[in-house]
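First the structure, in the form of structure tokens, and then the observations on it.
Since this is a predicted model, take the numbers as computed values, not measurements. Basis for what follows: all heavy atoms, side chains included, without hydrogens, waters or symmetry-related copies. Throughout, residue positions are numbered sequentially from 1 according to the sequence presented.
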Amino acid sequence: MTISVMEQEAMSTPLVLSRQFSENHYVLRELCSRINCYPPAYAMTIARGSSDHAATFAKYLFETQLGLVTASAAPSVVTIYDSELKLNNSLVVALSQSGQSPDVAEMLVNARDAGAITVAFVNQTESPLASAAEFVIPLWAGTEVGVAATKSYLAMLGSLIQFITLFKQDPALIRAFDKLPEVLTEASQMDWSAALQLYDTQKSTFTVGRGFGFPIAQEAALKFKEVAQIHAEAFSGAEILHGPYALVEPQFPLLMFGQRDATLPGILDLAKRLRSLQATVLLATPEHSDEKQYMQDDVASVLLPLPKSLHAMCDPLMGIQAFYVMLARLAKLRGLNPDAPPHLTKVTKTW
């Protein structure tokens, strides 16, 4: 079977991360120095689509590691309602693959004019968004042909982790960060055939994560819709027991992501509660031999393998890496073209 462009691009992610880790060291050190000299009072992210899921990841990183309350921007506040936001003494981060969307670029210009430290994580460095930023962090993903972003999304997460690694200088994170490209290669080769078989005939699903894992649950839900035409909604593990819980019925599929941190016991407990309703729980969490049998027997209907945990911040990247490869194959199994989803284009411009 011919390998789709989506799968090829997803599989190339480890090389992308290896390059960006080398190329971006200097500019990220400059950014760290600027933040140390002029500590911002809060942060704001600007993004759309998959990039906005990366922005959610940035929120968790900034709030847990930098202590910066981080808000997600609504660009229309500036571009349509003509509001002037008080953004002096803030860190404003925009994330985009193309850097072409006018509203994201205009809002970053507005933030820079207001006195914010402005940063663009962007793949196309000759773009309106890159021109608007004080600090430009290239993603080094090269040309991304597939409509569904894969390597550029993971490149955003990798760059954000690199920024935090350089800022914190935490030895455990440095060790994990150095091994991340190698482990992503391993993740892309994980056997998720059980998920292929289950989702081949499904029309809807939930994706669930918590903390650092919630942004990849968001991304997985978007990609289910975009690539496999499966209606999917993403929920934090803390929220699903509210209204969404009423929709869970026997055999309803839920894809759950876990990472090795304080959120894992809650994810496992939630999975067990969902299984008590006879739901089909697919659980993707890093390998840990003394828990594997417990999860298989008492929590997960299907245990989706991942490599051993590197670090709680890095674990979600393994989950979405394995997911992308599976999803590209799932689309073809369902008679779809993962490289050309209906009605969509690679670059989406909003105002």
Side-chain angles (χ1 to χ4, degrees), residues 13-14 17 53-66 70 153-165 168 170-188 190 192 195 206-221 223 234-240 254-272 274 281-292 294-296 299-300 302-326:
T13 297
L17 265 62
H53 306 151
T56 305
F57 190 71
K59 173 183 174 68
Y60 280 100
L61 292 181
F62 294 173
E63 292 190 345
T64 62
Q65 305 303 307
L66 306 181
T70 303
Y153 174 75
L154 277 159
M156 289 179 194
L157 303 193
S159 291
L160 288 164
I161 292 174
Q162 184 180 17
F163 164 51
I164 294 298
T165 301
K168 297 283 290 186
D170 175 56
L173 186 53
I174 291 171
R175 288 192 297 271
F177 179 76
D178 288 342
K179 295 178 181 177
L180 186 53
E182 175 187 343
V183 173
L184 287 184
T185 297
E186 188 180 347
S188 68
M190 293 285 105
W192 279 32
F206 288 168
T207 59
V208 183
R210 190 151 190 206
F212 301 124
F214 178 50
I216 66 165
Q218 292 178 309
E219 173 66 1
K223 290 299 193 289
F235 295 99
S236 162
E239 295 293 337
I240 200 169
L254 300 99
L255 175 57
M256 302 184 68
F257 295 96
Q259 67 273 354
R260 300 290 165 184
D261 64 11
T263 65
L264 185 59
I267 286 290
L268 296 178
D269 181 66
L270 175 60
K272 197 166 185 177
L274 291 164
V281 175
L282 297 89
L283 181 63
T285 192
E287 179 185 346
H288 197 284
S289 58
D290 62 354
E291 289 183 4
K292 187 171 182 179
Y294 165 75
M295 289 189 292
Q296 208 164 23
V299 178
V302 176
L303 185 66
L304 299 174
L306 289 174
K308 291 183 179 179
S309 175
L310 282 178
H311 190 284
M313 294 181 208
C314 298
D315 290 348
L317 279 71
M318 301 190 303
I320 201 65
Q321 174 75 67
F323 172 82
Y324 281 152
V325 174
M326 182 278 294

No-hydrogen, no-angle side-chain donor-acceptor test under 3.5 Å, Q218 and H53: no
Taking all atoms of both residues into account, what is the closest heavy-atom pair of A221 and T207, and its distance? CB-OG1, 3.5 Å
Would the distance check show the side chain of W192 and the main-chain N or O of F323 forming a donor-acceptor pair, the cut-off being under 3.5 Å? no
Is the shortest heavy-atom distance from the side chain of P307 to the side chain of M190 under 4.5 Å? yes
Quick one: CZ on R175 to SG on C314, what's the gap to the nearest 0.5 Å? 12.0 Å
Of the non-hydrogen atoms in L274 and M256, which two are nearest, and what is the gap between them? CD1-SD, 3.9 Å
Donor-acceptor pair, distance only, cut-off 3.5 Å: does the side chain of E63 make one with the backbone of T70? yes
Side chain of S188, backbone of T185: donor and acceptor closer than 3.5 Å? yes
Non-hydrogen atoms of R260 and A312 that approach each other most closely: O-CB, 3.8 Å
F62/F57 under side-chain contact (heavy atoms from CB on, under 4.5 Å): CA gap, chis, key distance, verdict: CA-CA 9 Å; F62 294 173; F57 190 71; over 6 Å; no
Using the rule given for side-chain contact (heavy atoms from CB on, under 4.5 Å), can you reason through K223 versus Y153, listing the C-alpha separation, both sets of side-chain angles and the distance that settles it, and then say yes or no? CA-CA 12 Å; K223 290 299 193 289; Y153 174 75; 5.6 Å; no
Indicate yes or no: at least one non-hydrogen side-chain atom of P215 is less than 4.5 angstrom from one of F257. no
Can you give me the closest heavy-atom contact between I320 and I216, atom names plus distance? CD1-O, 3.8 Å
Is any side-chain heavy atom of V208 closer than 4.5 Å to one of L270? yes
Report the C-alpha distance between L157 and Q321 in whole Å, list the side-chain angles of each, state the deciding distance to 0.1 Å, and finish with yes or no for side-chain contact (heavy atoms from CB on, under 4.5 Å). CA-CA 11 Å; L157 303 193; Q321 174 75 67; over 6 Å; no
In terms of heavy-atom contacts, P181 and P14 come closest through O-CB, 3.3 Å
Using a 4.5 Å cut-off on heavy atoms from C-beta on, say whether the side chain of P286 contacts that of K308. no
Looking only at the side chains, is there a donor atom on one of Q259 and S309 sitting less than 3.5 Å from an acceptor on the other? no
Looking only at heavy atoms, what is the nearest atom pair of I161 and M313, with distance? CD1-O, 3.4 Å
With a 4.5 Å heavy-atom cut-off, do L317 and L180 have their side chains touching? yes
Going from NZ on K179 to CD1 on I174, what distance comes out if it is rounded to the nearest 0.5 angstrom? 13.0 Å
What's the separation between atom CG in L173 and atom OG1 in T165, rounded to the nearest 0.5 Å? 3.5 Å
Output the distance between atom OG1 (T13) and atom CG (L154), rounded to the nearest 0.5 Å. 4.5 Å
Is there a side-chain contact between T285 and L306, using heavy atoms and a 4.5 Å cut-off? no
Flag side-chain contact, heavy atom, 4.5 Å: F212 against D261: yes
Between CG of L160 and NZ of K59, what distance do you get to the nearest 0.5 Å? 14.0 Å
First locate atom CG of L254, then atom CG of L282, and finally report the distance between them rounded to the nearest 0.5 Å. 8.5 Å
Run the side-chain contact (heavy atoms from CB on, under 4.5 Å) test on L17 and F177 for me, step by step, so that the C-alpha distance in whole Å, both residues' side-chain angles and the decisive distance to 0.1 Å come before the verdict. CA-CA 10 Å; L17 265 62; F177 179 76; over 6 Å; no
Could you check whether any side-chain heavy atom of L255 comes within less than 4.5 Å of a side-chain heavy atom of L304, counting everything from C-beta outward? yes
